[in-house]
Amino acid sequence: MERTVYLDNSSTTKPCERSIEYINKALISNWGNPSSLHIMGMNAQNSVDSARQTVADMLSCRADEVYFTSSGTEGNNTAILGTARARKKRGNRIVTTSVEHPSVLETVKRLEEDGFEVIRLKPDKNGTVSKSDIEKYIDKNTILVSIMLVNNETGAIMPVEYASDTIKRKSAPALLHCDAVQAFGKLPINVSRLGVDLLTLSGHKIHASKGIGAIYIKKGVTVRPLITGGGQERGMRSSTEAVPLICGLEGAIKDLPDIEAQLKKQEQLKEYTDQLLLKTGLVTVNSPKDGLPFILNISVKGYRSETLLHFLESKNIFVSSGSACAKGKGSYVLNEMGIDRKLIDSALRISFSRYNTKEDVDRLVCAIKDATIKIRKAN
């Protein structure tokens with residue numbers, strides 16, 4: 001069988017060797033409880049502290065502003081519910097976008113049912129929300145703004161810094177939360193420059209394991225914890241720390257290439273993919289040109305996503321038909337962008353990692369052409 005071509009890295013990534021090495025070392029020789037006062041506990045705590053500093057360095061923040069979670073979903077829930085509960089006396093409005101990850105959209109929906117006013121900003125045809133809408137809806141009754149940095153289906157980059165500037169300019173009591181799950185490790189992130197109060201990330205998008213994430217909470221910001229108990233993570237996230245997974249996250253971060261150099265390399269691969277696909281005359285590109293080059297959303301009009309996906313799978317090529325959380329449903333992101341229904345029904349998301357090559361792209365494009373011929377003949 002030919003080498004597996006894995007192009008579904010926005011869903012999850014293969015753990016890198018360094019991450020696995022760090023996890024194994026913790027499981028075998030550093031399995032103490034960080035809360036224990038003896039040497040085994042202290043060694044485990046030292047490993048957690050080292051990983052926390054590594055995450056902080058990536059975000060250009062203080063180590064005591066980083067809290068470990070089980071996932072990006074938990075981080076988003078903590079940021080949104082924790083902020084709303086802590087600031088409900090200061091206002092009632094929450095501003096987000098209609099193309100956030102479900103862990104944001106479902107959480108603000110719950111708050112809406114509890115009486116909060118939720119404004120969902122719609123994107124333009126390029127997948128980004130307009131600065132004028134941000135300006136229009138952030139007011140002195142707004143207690144939370146939650147905007148992702150990179151959209152997980154299209155790669156569109158959102159104007160997070162502008163939202164921060166708007167909050168300050170309007171003297172709104174809002175905290176700014178950013179879901180950076182698809183951006184962390186792929187774009188340079190400086191939380192002060194972004195102007196965010198809270199930021200969430202996930203390990204399994206950067207070649208760490210599933211089950212580990214982190215949330216940045218700016219010093220002085222009050223967020224009500226979701227999980228209470230023994231007071232771990234300085235009371236923000238009670239539960240015995242998952243030391244092996246935390247160590248694995250550190251290993252994955254330390255294994256990351258230089259971000260700026262990798263971005264240039266990835267832009268070249270995306271451009272190569274774009275050109276080959278457009279040459280076929282079969283493909284419409286749904287992703288914006290200035291989006292994150294790790295994500296390319298396309299449509300092969302007239303051919304259903306699921307049919308194409310399974311044909312590619314038979315060739316040992318793996319892509320997705322959208323967000324993994326959608327499980328085959330039509331893309332709400334493309335729908336919100338105003339994309340034609342027929343294009344939505346034939347959409348595929350190609351998402352790269354640093355391990356993908358031009359040879360992978362060549363095989364993908366050949367397989368798409370082959371699929372259209374064989375599907376047409378079958379019909």
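Counting from 1, the numbers follow the sequence of the chain as shown. Atom set for the values below is all heavy atoms of this structure, side chains included, hydrogens, waters and symmetry mates excluded.
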Side chain to side chain, Val223 and Ile215, heavy atoms closer than 4.5 Å: no

Applying side-chain hydrogen bond (donor to acceptor under 3.5 Å, both in side chains), run through Asp139 and Thr142 and close with a yes or a no. CA-CA 5 Å; Asp139 61 16; Thr142 307; 2.8 Å; yes

Any salt bridge between Asp255 and Arg354, counting N to O under 4.0 Å? yes

Please check if the side chain of Asn126 supplies one atom and the backbone of Thr128 the other of a donor-acceptor pair under 3.5 Å. no

Just wondering, more than 12 heavy atoms not from Tyr137 lying within 6.0 Å of its OH? no

Inspect the surroundings of CZ in Arg304 and state if more than 12 heavy atoms from other residues, nucleotides or ligands are less than 6.0 Å away. no

Would Glu21 and Lys254 count as a salt bridge (Lys or Arg N to Asp or Glu O under 4.0 Å) here? Give the steps. CA-CA 12 Å; Glu21 176 191 325; Lys254 288 190 171 182; over 6 Å; no

Assigning hydrophobic clusters by single linkage (Ile, Leu, Val, Met, Phe, Trp, Tyr; side-chain heavy-atom cutoff under 4.5 Å), is Ile189 placed with Phe68? yes

Give a yes or no on whether the backbone of Pro173 and the side-chain of Arg87 come within a donor-acceptor separation of less than 3.5 Å. yes

Carboxylate-amine/guanidinium contact Glu135 Arg169, below 4.0 Å: yes

Sub-4.5 Å side-chain heavy-atom contact between Lys140 and Lys170: no

Taking every heavy atom of Ile147 against every heavy atom of Glu100, the minimum-distance pair comes out as CA-OE2, 3.6 Å

What verdict does the side-chain contact (heavy atoms from CB on, under 4.5 Å) test give for Leu149 and Leu199, after you've listed the backbone C-alpha separation in whole Å, the side-chain angles of each residue and the deciding distance to 0.1 Å? CA-CA 10 Å; Leu149 187 49; Leu199 180 142; 5.6 Å; no

For Ser10, the side chain to side chain donor-acceptor pair (under 3.5 Å) test, sequence neighbours excluded, returns Gln182

Can you tell if the side chain of Thr154 reaches within under 4.5 Å of the side chain of Met337, non-hydrogen atoms only? yes

Shortest non-hydrogen contact between Ser305 and Ser346, atoms and distance: OG-C, 3.2 Å

Tell me yes or no: between the side chains of Asp49 and Gln45, is some donor less than 3.5 Å from an acceptor? yes

Go through Asn30 and Asn43 one step at a time and tell me if the side-chain hydrogen bond (donor to acceptor under 3.5 Å, both in side chains) criterion holds. CA-CA 7 Å; Asn30 194 16; Asn43 287 341; 5.2 Å; no

Do side-chain atoms of Ser202 reach the backbone of Lys205 as a donor and acceptor pair under 3.5 angstrom? no

Just do the salt bridge (Lys or Arg N to Asp or Glu O under 4.0 Å) check on Asp345 and Arg341 with the steps written out, would you? CA-CA 6 Å; Asp345 289 342; Arg341 186 72 225 178; 3.2 Å; yes

Check the surroundings of atom CG in Leu37: do more than 12 heavy atoms from other residues, nucleotides or ligands lie under 6.0 Å from it? no

Side chain to side chain, Asn297 and Val333, heavy atoms closer than 4.5 Å: no

Would you check if the side chain of Asn151 reaches a backbone N or O of Val99 as a donor-acceptor pair within less than 3.5 Å? yes

When hydrophobic residues are tied together by side-chain contacts of less than 4.5 Å, even through go-betweens, does Leu121 share a cluster with Phe116? no

Side-chain ion pair, Asp64 and Arg52, N-O less than 4.0 Å: no

Say whether, by atom type as modelled, one donor and one acceptor occur between the side chain of Ser299 and the main chain of Lys301 under 3.5 angstrom. no

What heavy-atom pair brings Leu59 and Leu201 nearest, and what distance separates the two atoms? CD1-CD2, 4.1 Å

Ion pair present between Glu336 and Lys122, side-chain N to carboxylate O less than 4.0 angstrom? yes

Under 4.5 Å between any side-chain heavy atoms of Val300 and Thr280, yes or no? no

Stacked cation flag Arg234 on Tyr67, 6.0 angstrom / 45 deg: yes

Salt bridge present between Glu359 and Arg3 (N-O < 4.0 angstrom): no

Of all residues at least two apart in sequence or in a different chain, which pass the side chain to side chain donor-acceptor pair (under 3.5 Å) check with Glu106? none

How close do Lys210 and Leu245 get, counting heavy atoms only, and between which atoms? O-CD1, 3.9 Å

Contact between Ser146 and Val108 at the side-chain level, heavy atoms closer than 4.5 Å - yes or no? no

Can a salt bridge be assigned to the pair Glu153 and Arg349 using a cut-off of 4.0 Å between side-chain N and carboxylate O? no

Say whether Tyr216 and Val48 are linked into one hydrophobic cluster, either directly or through other cluster members, by side-chain heavy-atom distances under 4.5 angstrom. yes

For Ser47 and Val243 the tightest heavy-atom approach is CB-CG1, 4.5 Å

Applied to residues 163-211, the ring pair (Phe, Tyr, Trp, His ring centres under 6.0 Å) test, sequence neighbours excluded, yields His207-Tyr355

Could you go through the side-chain contact (heavy atoms from CB on, under 4.5 Å) check for Ile157 and Asp290 one step at a time? CA-CA 8 Å; Ile157 298 172; Asp290 59 353; over 6 Å; no

Option among Ile119, Ile138, Leu175 that satisfies the side chain to side chain contact (heavy atoms under 4.5 Å, CB included) test with Val145: Ile138

Can you name the closest pair of heavy atoms from Ile295 and Ser287 and give their distance? O-OG, 3.9 Å

I'd like to check Asn316 versus Arg363 (side-chain heavy atoms, cut-off strictly below 4.5 Å). Are they in contact? yes

Could you pull out all residues at least two apart from Asp124 that satisfy salt bridge (Lys or Arg N to Asp or Glu O under 4.0 Å)? none

In chain order, what residues pass the side chain to side chain donor-acceptor pair (under 3.5 Å) check against Ser351, with sequence neighbours excluded? none

Can Arg110 and Asp114 be counted as an ion pair, charged N to O under 4.0 angstrom? no

Does the Asp360 side chain pair with the main chain of Val5, one donor and one acceptor, at a distance under 3.5 Å? no

Taking a hydrophobic cluster as the set of Ile, Leu, Val, Met, Phe, Trp and Tyr residues connected by side-chain heavy atoms closer than 4.5 Å, whether directly or through intermediates, do Val160 and Val221 fall within one such cluster? no

Is there a side-chain contact between Ser164 and Leu194 in this structure, where contact means two heavy atoms from C-beta onward sitting under 4.5 Å apart? no

Within one Ile-Leu-Val-Met-Phe-Trp-Tyr cluster: Tyr6 and Tyr272, side-chain cutoff 4.5 Å: no

For Glu267, is the CD atom crowded, meaning more than 12 foreign heavy atoms sit under 6.0 Å from it? yes

Give me each pair satisfying ring pair (Phe, Tyr, Trp, His ring centres under 6.0 Å) with a member in residues 78-97, each pair once, sequence neighbours excluded. none

Between Thr273 and Leu269, is there a donor-acceptor pair closer than 3.5 Å when you use the side chain of the first and the backbone of the second? yes

Please step through side-chain contact (heavy atoms from CB on, under 4.5 Å) for the pair His101 and Thr73, ending with a clear verdict. CA-CA 9 Å; His101 187 270; Thr73 291; 4.2 Å; yes

Determine whether Asp370 and Lys315 satisfy the following criterion, side-chain contact (heavy atoms from CB on, under 4.5 Å), listing intermediate values before the conclusion. CA-CA 10 Å; Asp370 193 22; Lys315 302 291 186 182; 3.7 Å; yes

